[in-house]
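These notes are about the structure you will find just below.
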There are 2 protein chains.
Amino acid sequence: MGDDGDRPASGRLRADKRAAIVAGALEVFASDGYVRASIGAIAEASGVSTRTIYKHFADKSALFDAVVAASAGRVAEAEVELVERHLDGVAGAAEIGPALVGFAVAWLRGSAESAAHRALIGQVRAEAAHLGSDVVAAWWAAGPVRVQRALADRLAQWSAAGWLRIDDADRAAVHLGRLVSATPGPPGAAPPDRDAWIVAGVDVFVRGYRA
Amino acid sequence: MGDDGDRPASGRLRADKRAAIVAGALEVFASDGYVRASIGAIAEASGVSTRTIYKHFADKSALFDAVVAASAGRVAEAEVELVERHLDGVAGAAEIGPALVGFAVAWLRGSAESAAHRALIGQVRAEAAHLGSDVVAAWWAAGPVRVQRALADRLAQWSAAGWLRIDDADRAAVHLGRLVSATPGPPGAAPPDRDAWIVAGVDVFVRGYRA
DNA sequence: TAGCATGTAAAGTGCTCGTTGTACTTTACC
DNA sequence: GGTAAAGTACAACGAGCACTTTACATGCTA
């Protein structure tokens, strides 16, 4: 993967330049959106010339696809690791709540990288109709689906142990994600008491799926 | 409200033209996004000339603000009415679940109008950083906040009656909204079993807030 | 019926952008 | 060190856009 929109590449292009372009394009696409982001701005942010961008990618759309795929894959990997770290040591029903809170807090703590990724995903959603449905599908498969599956695995495990009563683990994983990411006010403006909202969301989840 | 970006209007402009422009602009903005939407396309969709648009609105940004405000207000009014119709007759704890399911099904059934509105909101979110935070705040105040308050009122009522155990009705309203609007797969593609997801979401909500 | 503000039509202005061609310089590898 | 590919700077092209200008049509009001 990642070669989708690349140039034929008869010769060998420098990988560091390609990485710099993808990194710079992520910043610009995330903050400006697909249409507003200009190739010139991306070139400046990447420290390369515009011409070099077209040596690596067929056009703007192909570059965007590569950026989305790379960002989704990297973030999903980090998130799956978060799931393992916080949820694999649970040894009883009483530990579920605190473990979920710890996971959700870490999950929603916005590092600069994941903040850019979140903004990029917002752009993907808004532009979904204009960029081909395969981009959205590829993003979903490379990113959210993996985290959702990792979450669902642990939930199914806890259900099998009799600690929760879950008939559809995938659905429960979605419910958990939506509850802990709930905020008052418009999206994008994180409230000061976000941790309290996370605790409340986990509380409703645990009560809702209690055995 | 709604006069924010209007032209000085020394004379009296025809209101029907203005309404046609706002209606046409809603369609174009919703499907194409703010940047892609061209004044020419909006003029064509509205059945007016581009010059007339500039007689009614100072510029593209003012037109967008007017469209967002109008759409948010109209949709919020319809949604508050839905809350009243489905949730005001509840006379016991056992009726809560079915009433909420009925409300959520009606709420999420996408009429053409609310579909355009939903797409428009997606554009607002993605473009929030580029259009001034007051637009987002105005949308939030004119739309979602009113529905959220209407929901929270009923929930608080049921809690006071001892049918639910809710300490923060506003937060519970947000939780309800996020649970019933949960779907598998990427957003935008409604699954065929959406009603089952609604029922499951209401179920988790009622269990989570059971007295 | 005269007058005037509003709407329409079409062309024009100035700008930005995606993309490509070209000539030159740098880098990597034998 | 030589060679071929990769990168850079720069200009150009063509398209599309927001917005304006100008000239003309239309309908209401006095």
Side-chain angles (χ1 to χ4, degrees), chain A residues 2-3 5-29 31-67 123 127 130-132 135, chain B residues 3 5-29 31-68 123 127 130-132 135:
Chain A
D3 296 323
D6 284 353
R7 268 280 138 91
S10 60
R12 43 217 166 270
L13 300 171
R14 285 176 50 183
D16 58 338
K17 293 290 176 184
R18 189 186 192 277
I21 293 169
V22 172
L26 168 61
E27 297 297 328
V28 180
F29 278 137
S31 67
D32 287 357
Y34 179 79
V35 186
R36 285 183 144 97
S38 74
I39 299 292
I42 294 173
E44 196 174 1
S46 311
V48 303
S49 72
T50 65
R51 203 66 186 74
T52 302
I53 293 180
Y54 283 98
K55 288 225 177 93
H56 281 264
F57 300 93
D59 54 15
K60 192 182 179 183
S61 166
L63 172 58
F64 188 76
D65 293 0
V67 168
Q123 303 296 341
E127 296 278 334
H130 299 277
L131 293 164
V135 187
Chain B
D3 296 324
D6 281 353
R7 267 281 141 90
S10 61
R12 45 222 165 270
L13 301 172
R14 286 176 52 182
D16 58 338
K17 293 291 175 182
R18 188 184 192 277
I21 293 170
V22 171
L26 168 61
E27 297 297 327
V28 180
F29 278 137
S31 68
D32 286 357
Y34 179 78
V35 186
R36 285 182 141 98
S38 74
I39 299 293
I42 293 174
E44 194 174 3
S46 310
V48 304
S49 71
T50 65
R51 198 64 190 82
T52 301
I53 293 179
Y54 284 101
K55 288 225 179 92
H56 283 263
F57 300 94
D59 54 15
K60 192 182 179 183
S61 166
L63 172 58
F64 187 77
D65 293 0
V67 169
V68 171
Q123 303 295 340
E127 296 278 332
H130 300 278
L131 292 165
V135 187

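Throughout, a chain's letter reflects where its sequence line sits, starting with A, and its residues are numbered from 1. Here the structure is a predicted model, which is why all the values come from computation and not from measurement.
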Ranking dA18(D), dT19(C), dG7(C) by distance to the side chain of Tyr54(B), first place goes to dA18(D)

Take atom [atom1] of [X] and atom [atom2] of [N], then tell me their distance rounded to the nearest Å.
{"X": "Ile53(A)", "N": "dT20(C)", "atom1": "CD1", "atom2": "C1'", "answer": "14 Å"}
{"X": "Asp32(A)", "N": "dG18(C)", "atom1": "CG", "atom2": "P", "answer": "11 Å"}
{"X": "Arg18(B)", "N": "dT6(C)", "atom1": "CZ", "atom2": "C1'", "answer": "16 Å"}
{"X": "Arg36(B)", "N": "dG18(C)", "atom1": "CZ", "atom2": "C1'", "answer": "13 Å"}
{"X": "His56(B)", "N": "dA5(C)", "atom1": "NE2", "atom2": "P", "answer": "16 Å"}
{"X": "Ile39(A)", "N": "dA15(D)", "atom1": "CD1", "atom2": "P", "answer": "19 Å"}
{"X": "Asp16(B)", "N": "dG27(D)", "atom1": "CG", "atom2": "P", "answer": "13 Å"}
{"X": "Leu63(B)", "N": "dC19(D)", "atom1": "CG", "atom2": "C1'", "answer": "14 Å"}

Taken to the nearest 0.5 Å, the spacing of Ser49(B) OG from Lys55(B) NZ works out to 7.0 Å

Which part of the nucleic acid, if any, lies within contact of Ala37(B), taking any heavy atom under 4.0 Å across all strands shown: a base, the sugar-phosphate backbone alone, or nothing?
sugar-phosphate

Q.
Any base atoms under 4.0 Å from Thr52(A), or only sugar-phosphate, or nothing? Heavy atoms, all strands.
A.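 It contacts base atoms.
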
Under a 4.0 Å heavy-atom cutoff, the residues of residues 40-50 of chain A touching DNA chain D are Gly47(A), Val48(A), Ser49(A)

Identify, with sequence neighbours excluded, every residue that meets side-chain contact (heavy atoms from CB on, under 4.5 Å) alongside Ala45(B).
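Here the qualifying residues are Val28(B).
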
Assess whether one donor atom and one acceptor atom, taken from the side chain of [X] and the base of [N], lie less than 3.5 Å apart.
{"X": "Arg51(A)", "N": "dG21(C)", "result": "yes"}
{"X": "Lys55(B)", "N": "dG7(C)", "result": "yes"}
{"X": "Lys60(A)", "N": "dG18(C)", "result": "no"}

Shortest non-hydrogen contact from [X] toward [Y]:
{"X": "Gly40(A)", "Y": "Thr50(A)", "value": "CA-CG2, 4.1 Å"}
{"X": "Ile53(B)", "Y": "Ile42(B)", "value": "CD1-CG2, 4.0 Å"}
{"X": "Arg18(B)", "Y": "Ala66(B)", "value": "NH2-CB, 4.2 Å"}
{"X": "Ala25(A)", "Y": "Ser46(A)", "value": "N-OG, 4.1 Å"}
{"X": "Lys60(A)", "Y": "Ala37(A)", "value": "NZ-O, 2.8 Å"}

